[in-house]
Every structure is written in C-alpha cells, then in structure tokens.
Amino acid sequence: MPELPEVETVVRDLRPLLVGQRIRAITPGAGKLRRPWQPAWEAGLIGQRFEALHRRGKWILAHVGDSALLIHLGMTGQLTVQGPDVELANHVHLRFLLGAGELRFRDIRRFGSIEWYATPGEVHALLDTKLGPEPFATQPAPFATAIRSSARPLKAILLDQAVVAGVGNIYADEALFRARLHPRTLGKDVSKPKCELLRMAIIAVITKAIESRGSTIRDYVGGSGLRGGFQHEFCVYGRTGEPCVVCGTSISREVVAGRSSHTCPQCQNK
DNA sequence: CTGTAATCCTGCGAGC
DNA sequence: TGCTCGCAGGATTACA
C-alpha cells in the first residue's frame, strides 16, 4: 500500500508523538510478520528512548537509544501512536507501551516487517546498498542514463527501488501519465528530454501527494490515524473506463511488468 | 540481461 | 443470502 508520500506522512505524524518517549514494554501479537519478531531484541529496546525517525524510500528507520528499528509497511501496514486505552483493532502485531500512549503496528496482510539492528549506521548502509536516490535527489544525467541503458519497460524501471527509491504502482502510473509516456515503452527508446520530463513528473506528483498526506485506497492511515487525500487527484490510477482529464478518452487498464497499469491511450503514445 | 510467476497474507467487491 | 473468483499500495526468489 504505502509508497513514499504515505510513508513520509507517517513519519511526519509520528515524529512529535514518538521522539523523546521511552519504551516501557513491548507486546508482540500472535500473527507472524514477514520477518518474525525476536523476543531477544527486546533487551536492546526496553528502557530506551526514541531519538529520531527517518524515512528512506518506503522504509522507516527509528533510532532507539543506540540501536535501530527498521520498518516496512508492506501493502497494508499501519503505524500509529494512540492512547493505551483506545480499543485494540484486529491484526495488531506489535505494541510498544510508551510514557504517553502506545505505538502500534497493524498489518492486515502481514507483508510488512519490523527488524531490530544494534546500530543505526549499519541500517543506513544497508539501505544505501539497495536503494537508489530519493526522487528529490535525482540528477538529470544519471537518471537519463539509468532509463536509457535499460531494455525494460518504463513501468518496471520506475518500480525498481534501485533506480529511484519510493515510487510504487500508483505514483509510477501518475508520473508516466504526466510525462505522457506509456508504461510499456522501453527505457532505451526514451529521449533524454523525455527522461527529464519524467524525472520532473515524478518529483511533482510525489510532492503534491505529500501535500495531500498521501493516498488512501482502502487501508492507509497516517501516524495519527488520519486518511490521505491524494486519491481524489488521481489522473489515471484506478480510473479504468473513466474519461481522461485532458482529452476525455476512456482510461484503460493493462498488466505491465506484472502490475496493473492505467493509461490514457490517446495521451500516452507507446 | 530480460520477463514471468510464485510466495508471503487477508479482505472486499463483482458476478452468478 | 452465499458462494467463488479476481484483485489489491510491496519485495524477493526461482526459473525460463
């Protein structure tokens, strides 16, 4: 579910609620996450304080004392701080009791993960080895090279976290529409000016989405439980059969790179 | 180097 | 009303 704008919203929401708070107790739930919670990790966490909260791509990195928690929300992950008396929803897999309130990790489909690491440094290094630049940190020339040196369809390239970190299915479709590029077009067939148009489209759509607190299709909520608003501004995603906002042509859906992709057949030439 | 499919899960809406 | 089917924001792995 959550892509960069959603994860950024969670981090911004949680920062003031979490940083400075001490972990008093940890309660794992019954369901196993993709990386099962290890009770041995608790010794490094209990009694320690949340020192900082960072986002890198779709990953959340929390500094706790001298150690770190690495969190991914998968498709349906929710990370919220609420009063400890607030009724427990189903699918809550981990609870951190704090001085004020409780941090809860809820994940219906359990594609998410939480892992503990002894130092934040090793996690930053780990993320940097597998993630490309943040959209805002991309540069025209390296980005164009990454696109034009690939024989893969643009959709696959944009979803590749090693090329740009944080773009997922929604924002890939929206950025491609704004750049008037078809998801099936091969990277090597895209001109340098078009690559730059695409890079700017990614930055623009991600920026707009953050301003709207992300998109809620079904499950996503920010760190304080609030839903996103960018779903009302989609041009193509989930609008199959509806008219293109530019030309009125019916939006079509097809599978590209194994993911459902939405395009205006008129505006986005292959 | 590619693409494709399967894997981890639950829930919802469509269609019968 | 109740059933099955397809589909869903992600990441990783195996295999052709």
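Below, chains carry the letters A, B, ... as their sequence lines are ordered, and counting in each starts from 1.
A:Leu197 shares a hydrophobic cluster with no other residue; no ILVMFWY side chain has heavy atoms under 4.5 Å from its own. Here A:Leu70 is tied into one hydrophobic group with A:Trp59, A:Leu61, A:Tyr117, A:Val123, A:Leu126, A:Leu127, A:Leu131, each link being a pair of ILVMFWY side chains closer than 4.5 Å.
As a whole-Å value, the separation of A:Arg259 CZ from B:dA6 P is 16 Å. The nearest whole Å value for the distance from the CD1 atom in A:Ile217 to the P atom in B:dG13 is 14 Å. Between A:His72 atom NE2 and C:dT12 atom C1' there is a gap of 11 Å when expressed in whole angstrom units. Atom CG of A:Asp219 is separated from atom P of C:dG9 by 12 Å (rounded to the nearest Å). Atom CG of A:Asp107 is separated from atom P of C:dG9 by 15 Å (rounded to the nearest Å). Rounded to whole angstrom, the span from the CD1 atom of A:Ile206 across to the C1' atom of C:dG9 amounts to 12 Å. Summarising the geometry, the separation between NZ on A:Lys58 and P on C:dG9 is reported as 10 Å, rounded to the nearest angstrom. Rounded to a whole Å, the CG atom of A:Leu159 is 9 Å from the P atom of C:dA11.
In the set C:dC7, C:dG9, C:dT12, C:dC7 carries the atom at the smallest distance from any side-chain atom of A:Arg253.
With 3.5 Å as the limit, one finds a donor-acceptor pair spanning the side chains of A:Tyr171 and A:Ser215. Side chains of A:Thr119 and A:Glu122: a donor-acceptor N/O pair is present below 3.5 angstrom, by distance only.
By the 4.0 Å N-to-carboxylate-O rule, A:Asp173 lies too far from A:Arg259 to be salt-bridged with it. By the 4.0 Å N-to-carboxylate-O rule, A:Asp219 lies too far from A:Arg109 to be salt-bridged with it.
Pairs of residues two or more places apart, or lying in two chains, that qualify as salt bridge (charged side-chain N to carboxylate O under 4.0 Å, His left out) and include a residue from residues 207-218 of chain A are A:Asp13-A:Arg213. Residue pairs that meet the salt bridge (charged side-chain N to carboxylate O under 4.0 Å, His left out) test with at least one member in residues 179-204 of chain A, sequence neighbours left out, are A:Arg184-A:Glu254, A:Glu196-A:Arg199. The side chain to side chain donor-acceptor pair (under 3.5 Å) analysis of residues 66-75 of chain A, with sequence neighbours excluded, yields the pairs A:Ser67-A:Trp116. Identified under the salt bridge (charged side-chain N to carboxylate O under 4.0 Å, His left out) test for residues 81-99 of chain A, with sequence neighbours left out: A:Arg95-A:Glu102.
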Contact list (N/O, under 3.5 angstrom) for nucleotides 9-12 of chain B vs protein:
| from | atom 1 | to | atom 2 | distance (Å) |
| --- | --- | --- | --- | --- |
| B:dC9 | O3' | A:Arg110 | NH2 | 3.1 |
| B:dC9 | O2 | A:Arg109 | NE | 2.9 |
| B:dT10 | OP1 | A:Arg110 | NH2 | 2.9 |
| B:dT10 | O4' | A:Ile108 | O | 3.4 |
| B:dT10 | O3' | A:His91 | NE2 | 3.2 |
| B:dG11 | OP1 | A:His91 | NE2 | 2.8 |

What does the list of N/O pairs under 3.5 Å between the protein and nucleotides 13-16 of chain C look like, with a distance for each?
none

At a cut-off of 3.5 Å, list every protein nitrogen or oxygen paired with a nitrogen or oxygen from nucleotides 2-4 of chain B, distance to 0.1 Å.
| from | atom 1 | to | atom 2 | distance (Å) |
| --- | --- | --- | --- | --- |
| B:dT2 | OP1 | A:Ala151 | N | 3.0 |

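On the P atoms, B:dA6 is 13 Å away from C:dG6, given to the nearest whole Å.
Among the heavy atoms of the strands lying under 4.0 Å from A:Thr216 is at least one base atom, whether or not backbone atoms are also near. Residue A:Lys188 is classed as having no contact, given no heavy-atom separation below 4.0 Å to the nucleic acid. Among the atoms of the strands shown, none is found under 4.0 Å from any heavy atom of A:Tyr171. Looking at heavy-atom distances under 4.0 Å, A:Ser113 makes no contact with the nucleic acid at all.
For A:Phe105, there are no ring-ring contact (aromatic ring centres under 6.0 Å, His included) partners at least two apart in sequence or on another chain. A:Arg35 is linked by a salt bridge (charged side-chain N to carboxylate O under 4.0 Å, His left out) to A:Glu115, counting only residues two or more places apart in sequence or in another chain.
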Original post:
What's the verdict on side-chain contact (heavy atoms from CB on, under 4.5 Å) for A:Arg24 and A:Leu98, showing C-alpha distance, side-chain angles and the deciding distance?
Top reply: CA-CA 6 Å; A:Arg24 302 164 71 124; A:Leu98 308 168; 5.7 Å; no
Original post:
In dot-bracket notation, what is the pairing pattern of DNA chain B, taking Watson-Crick (N1-N3 plus N6-O4 or O6-N4) and G-U wobble (N1-O2 and O6-N3) contacts under 3.5 Å, with [ ] crossing and | for other strands?
Top reply: .|||||||.|||||||
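Of the candidates A:Glu3, A:His262, A:Glu174, A:Lys155, A:Lys155 is the only one forming a side-chain hydrogen bond (donor to acceptor under 3.5 Å, both in side chains) with A:Asn169.
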